[in-house]
Amino acid sequence: MSTGAAPDRLHREVLEWYAVSARDLPWRRPEATPWGIFVSEVMLQQTPVVRVEPVWRIWLERWPSPADLAAEAPGEAVRAWGRLGYPRRALRLHAAAVAMTERHGGTVPPTEAELLTLPGVGTYTAAAVATFAFGERTTVVDTNVRRVLTRVVSGAEYPAPSPTRAELTVAAGLVPADPARARTWSVAVMELGAIVCTARVPHCTRCPVADLCAWQLAGRPAHQGPARRGQAWEGTDRQLRGALMAVLRESSEPVPRTTLEALSDNEIQRERCLDSLVADGLVEPLPGEQFRLPASREAS
DNA sequence: TACCCGTGGTC
DNA sequence: TGACCAAGGGT
């Protein structure tokens, strides 16, 4: 796989487009702190910007530093997480704040390697925070970057189910040498994927690099190969776990088991979900068949 | 590796 | 209308 023609032009066009087209998001502003950027990256995992922004604002106002969050019960983080989904992320974000407070002097560690050791921080998030908060020159690859580079460079509509070695090599090879330029490049490619080179209906007429996009030049051929497996929902454990968590989030008092049992007729599934929530540290069982969000520290 | 983990909007 | 998708991580 080649990196396509004229990377210099690719850089220039994308960066110029970003300069005039970027959304004004609070975690991108100069006054955003590393902690604010860290929180945004965790919230944005599999969750759209429009849903994250209001929760992020409230979160940062309430807990402006890692130590502020670390001083709270993990259940408060889960409650403030609201309906962002995947509430284990809230628990991990709290655990990360505890780790920052205990091991990093209450600050967000500035290197990709250190970030990677924190709960809830994987390859993408470590690279994103190292780059966006600290200016480290590294390779940021998320679903947007993968889709944009697959189209522009490889000429296919969609990337493979998981990143290939070749894909990561291409992405790394396109990162500008200058750290400041590299940082803007990463956020710009992500932004292009988020608002122009979208998954379902790409807006190629508004794309700054349509004239050098391999997929566009090939006539936008349809996706070959098997359809990606969808996400089943109705009747799944995820649905019931979500319903159980919603009840517990809304209640400031412990919830009796009978209230939770009313959410499903399937006793086997009910018990499995409640047990798994307790095992995950999202729910704390109390004496007398009652449950609440976790007030104590332990969890995962 | 493949699967599990929430929630809501879009076409 | 429902299948697909969204700045992934953990196991």
Side-chain angles (χ1 to χ4, degrees), chain A residues 18 22-23 25-28 32 36-56 78 81-93 95-96 115-133 139-149 157-164 171 183 186-195 197-203 223 226-249 269 272-273 275-277 279-283 299-300:
Chain A
Y18 182 75
R23 292 168 292 181
L25 302 175
W27 47 85
R28 284 184 187 161
I37 293 169
F38 184 92
V39 171
S40 79
E41 290 300 342
V42 175
M43 288 184 172
L44 287 163
Q45 291 167 4
Q46 299 285 282
T47 306
V49 164
V50 289
R51 229 179 300 162
V52 165
E53 189 167 345
V55 178
W56 182 89
V78 174
W81 196 254
R83 308 187 68 81
L84 287 182
Y86 293 142
R88 293 189 296 187
R89 292 183 294 161
L91 224 44
R92 292 179 184 136
L93 182 49
L115 286 159
L116 213 38
T117 70
L118 297 171
V121 176
T123 308
Y124 162 75
T125 304
V129 174
T131 297
F132 302 145
T139 307
V140 181
V141 178
D142 76 331
T143 187
N144 291 303
V145 174
R146 294 191 62 215
R147 187 174 56 251
V148 170
L149 296 187
E157 185 177 17
Y158 296 118
S162 58
T164 63
R183 177 183 184 282
S186 290
V187 72
V189 178
M190 289 172 61
E191 188 76 342
L192 187 64
I195 65 183
C197 193
T198 49
R200 285 293 218 28
V201 186
H203 305 97
H223 177 66
R228 287 105 90 214
R229 45 179 274 283
Q231 313 173 44
W233 179 245
E234 199 58 36
T236 60
D237 284 8
R238 276 153 74 172
Q239 184 184 40
L240 182 51
R241 281 170 54 110
L244 289 163
M245 289 304 296
V247 169
L248 291 162
R249 269 201 314 269
Q269 186 182 33
R272 180 172 67 240
C273 288
D275 285 350
S276 71
L277 288 171
D280 286 347
L282 283 165
V283 172
S300 52

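Both backbone and side-chain heavy atoms feed into the values below; hydrogens, waters and symmetry mates do not.
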Of A:E41 and A:V121, whose closest DNA chain C nucleotide lies nearer the 5' terminus? A:E41
With 3.5 Å as the limit, what N/O pairs link the protein to nucleotides 7-11 of chain B?
from  : atom 1 : to    : atom 2 : distance (Å)
B:dT7 : O2     : A:R51 : NH1    : 2.7
B:dG8 : OP1    : A:R83 : NE     : 2.3
B:dG8 : OP2    : A:R83 : NH2    : 3.1
B:dG8 : O4'    : A:R51 : NH1    : 3.4

Are side-chain heavy atoms of [X] and [Y] found at a separation under 4.5 Å?
| X | Y | result |
| --- | --- | --- |
| A:V283 | A:M245 | yes |
| A:L44 | A:W56 | no |
| A:L93 | A:F38 | yes |

Interatomic distance at P, B:dC11 relative to C:dA7, whole Å: 14 Å
Quantified in whole Å, what is the P atom distance between nucleotide B:dC3 and nucleotide C:dC4? 16 Å
NA contact type, [X], heavy-atom cut-off 4.0 Å: base, sugar-phosphate, or nothing?
| X | value |
| --- | --- |
| A:T123 | sugar-phosphate |
| A:A128 | nothing |
| A:T143 | sugar-phosphate |
| A:W27 | base |
| A:L116 | nothing |
| A:T125 | sugar-phosphate |
| A:R23 | base |

Output the rounded distance in Å from [atom1] ([X]) to [atom2] ([N]).
| X | N | atom1 | atom2 | value |
| --- | --- | --- | --- | --- |
| A:Y124 | C:dG10 | OH | C1' | 18 Å |
| A:L93 | C:dG10 | CG | C1' | 16 Å |
| A:I195 | C:dA6 | CD1 | C1' | 15 Å |
| A:D237 | B:dG6 | CG | C1' | 13 Å |
| A:R89 | B:dG6 | CZ | C1' | 8 Å |
| A:I37 | C:dA7 | CD1 | C1' | 13 Å |
| A:R88 | C:dG10 | CZ | P | 10 Å |
| A:R92 | C:dT11 | CZ | C1' | 10 Å |

Set of residues satisfying ring-ring contact (aromatic ring centres under 6.0 Å, His included) with respect to A:Y18, sequence neighbours excluded: none
Keeping to residues at least two apart or across chains, list the salt bridge (Lys or Arg N to Asp or Glu O under 4.0 Å) pairs with something in residues 44-55 of chain A. A:E53-A:R57
For residues 234-245 of chain A, pull every pair meeting salt bridge (Lys or Arg N to Asp or Glu O under 4.0 Å), keeping only residues two or more places apart or in separate chains.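 Every salt bridge (Lys or Arg N to Asp or Glu O under 4.0 Å) pair that includes a residue of residues 234-245 of chain A, provided the two are not neighbours, is A:D237-A:R272, A:R241-A:D280.
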According to salt bridge (charged side-chain N to carboxylate O under 4.0 Å, His left out), who are the partners of A:E191, at least two apart in sequence or on a separate chain?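 Checked A:E191 against salt bridge (charged side-chain N to carboxylate O under 4.0 Å, His left out); matches are A:R23, A:R28.
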Output all residues satisfying salt bridge (charged side-chain N to carboxylate O under 4.0 Å, His left out) with A:R146, sequence neighbours left out; order by chain, then residue number. A:E167
